[in-house]
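FYI, the numbering just counts along the sequence from 1.
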Amino acid sequence: NSTTIDVGGSTPRRVSDINPEDIASIHIVRGPSAATLYGTDAANGVIVITTKRGVAGTPRWTLYTEQGLIKDEAPWPTNYSTLGVFPNLAGDPTRSDCYLFRQGLATTANAYCIADSLAAFNPAKTDGISPLSTGRRHQCGAQLRSGPTAIRYFLSGEWEDEVGAQEIPSLERARLIEEGFPIRDFQEEPNRYDRANMRANLNISLPHNLEIGVSTGYINSTGTLPQSDNNSAAFAPTLLAGPGLVDPDDHTTAYGIFNLGNIYQEEFSQDIDRFIGSTNALWTTNEWLTVRGNAGIDYTGRLDQLLCRFGDCIPGNDEGFKADYRSNFFNYTLDGSATGTFDLTSTLNSRSTVGVQFYRRLFDVNQAYGELLPPGAVSVSAGAIKDAAESTTETRTLGAFVEQSVAWNDRLFVTARLRAHDNSAFGRDFDAVLYPHRSLSPKGSWILMAAVSLVSFAAGLTFLLAGAWPVFGFFGIDVLLLAW
């Protein structure tokens, strides 16, 4: 999740910043393999995303666009109320909500009732009361890939805007206008997202077998989210907790907790500025030695704001408040490696790699909050009660690894890897962590499994022929352990 303000469960995620049209491949490195390659932070696995690169040849343009509508097709349930008569009330028997606890009262109690019917109402499916509408989505982009053999480039740009399937209900709009409240833009479109995405990747082939690559990406987005669910001040609980009996002269009785018009007066927005850049070099010094180097930065600037103006929003928040949270995320990476490849025999090949990696992660946040805003104020500093906080977190990781791989006829591969890893979060008295790893190619695994199975079966058969049939049952466990 990527927000410092709770809107009830629906939160933005930064993985969506990457334009899918720019992705060339996605590779998942799991568990121990990921930790061996990238260290402790990768203990649960790593998703490696590779963006597109330029190809030699004439310029190749790609243009695309997308237009669509968004509708909420969820089966919103109908609300019900149990109705009944109250025989002990003065005058004619009155029909009203006959709750279970009233039905269980003494028959002489004034609040005692006898249930006789059900009232049903679905606010999510009723025009003028429901906030559900038809949203829209628009996307357009262009890509250019080309370049001579020595210089290749990939350029792309995309614009996206989306309006969710929510709006202020027409009867609530009329009520707010009648009470003297203006209808602001964010109330018209309480769930909106706009994003611009640009990318430039450049690959250069230099003399002496040197390859240089530069990759840059910039994302700018802004979005608004209404209070959605998982809290009482949200549209979903208000729709789901409504009664089945609604006063035809007062539409607000259809809502269960708060009026939707007041819920949509709360304004949450998030602005994102993100830059992802990297440069890499590949140098093949001779037929057997290859040297690689990479450096990268991933910066995200995030601004979260939540505002309730004086007199707006639900009861309890109508005295006005403003939250302004500003966060910065920096991720730096440096790594280098050298790989030597040797032919031990005509059929046996060896590849040895040594490398070093350095990661630095820096997160800082400044939070400011003000409440009891005067009429017309929209800033934290205008609040009669103010609060502020700041925090900075930094971690550094240094790792080195060695890897040895042997291949037979380019069919059977055996790889062993060892990584030494130290992290600033471990503390001064904690030694580096070692991550060993070994692997076989799929074909090699099958060959090894077949060989062990054959030996195990032959050994077990010997015991079986000798009459020690219980011992035979233990053979095969070694095969299962090997597979595990």
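- Annotation: side chain to side chain contact (heavy atoms under 4.5 Å, CB included) contacts of Thr107 (sequence neighbours excluded): Tyr112.
- Shown here are the side-chain hydrogen bond (donor to acceptor under 3.5 Å, both in side chains) partners of Tyr218, two or more places apart in sequence or in another chain: Asp273.
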Sequence neighbours left out, cut at 3.5 Å: what donor-acceptor pairs do the side chains of residues 374-391 make with other protein atoms?
unit_1, atom_1, unit_2, atom_2, d
Ser379, OG, Ser381, OG, 3.3
Lys386, NZ, Gly383, O, 2.9

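- With sequence neighbours left out, Tyr64 forms a ring pair (Phe, Tyr, Trp, His ring centres under 6.0 Å) with no residue at all.
- In this structure Phe330 satisfies the ring pair (Phe, Tyr, Trp, His ring centres under 6.0 Å) test together with Tyr299, sequence neighbours excluded.
- Residues forming a side-chain hydrogen bond (donor to acceptor under 3.5 Å, both in side chains) with Tyr264 (at least two apart in sequence, or on another chain): Gln166.
- In terms of the side-chain hydrogen bond (donor to acceptor under 3.5 Å, both in side chains) criterion, Glu73 has no residue partners (sequence neighbours excluded).
- With sequence neighbours excluded, no residue satisfies ring pair (Phe, Tyr, Trp, His ring centres under 6.0 Å) with Tyr325.
- Environment of CD1 in Ile23: crowded, with over 12 heavy atoms of neighbouring residues, nucleotides or ligands closer than 6.0 Å.
- Applying the side chain to side chain donor-acceptor pair (under 3.5 Å) test to pairs two or more places apart or on separate chains, those with a residue in residues 311-323 are Arg184-Asp312, Gln305-Lys322.
- Residue Asp185 places its CG atom among 12 or fewer non-hydrogen atoms of other residues, nucleotides or ligands, all under 6.0 Å distant.
- Looking only at distances, no side-chain donor or acceptor of Asn259 sits under 3.5 Å from a matching main-chain atom of Gly261.
- Under the rule for a side-chain hydrogen bond (donor to acceptor under 3.5 Å, both in side chains), the partners of Asp298 that lie at least two apart in sequence or sit in another chain are Arg274.
- Ion pairing of Glu158 with Arg195 is present here, as a side-chain N (NZ or NE/NH1/NH2) and a carboxylate O approach within less than 4.0 Å.
- Screening residues 128-142 for salt bridge (charged side-chain N to carboxylate O under 4.0 Å, His left out) gives Glu66-Arg137, Arg136-Glu189, Arg137-Glu160, Arg137-Glu162 as the qualifying pairs, with residues at least two apart or on separate chains.
- The ring pair (Phe, Tyr, Trp, His ring centres under 6.0 Å) search around Phe358 returns none, not counting sequence neighbours.
- Salt bridge annotation for Lys52-Glu21: absent, with no cationic side-chain nitrogen under 4.0 angstrom from a carboxylate oxygen.
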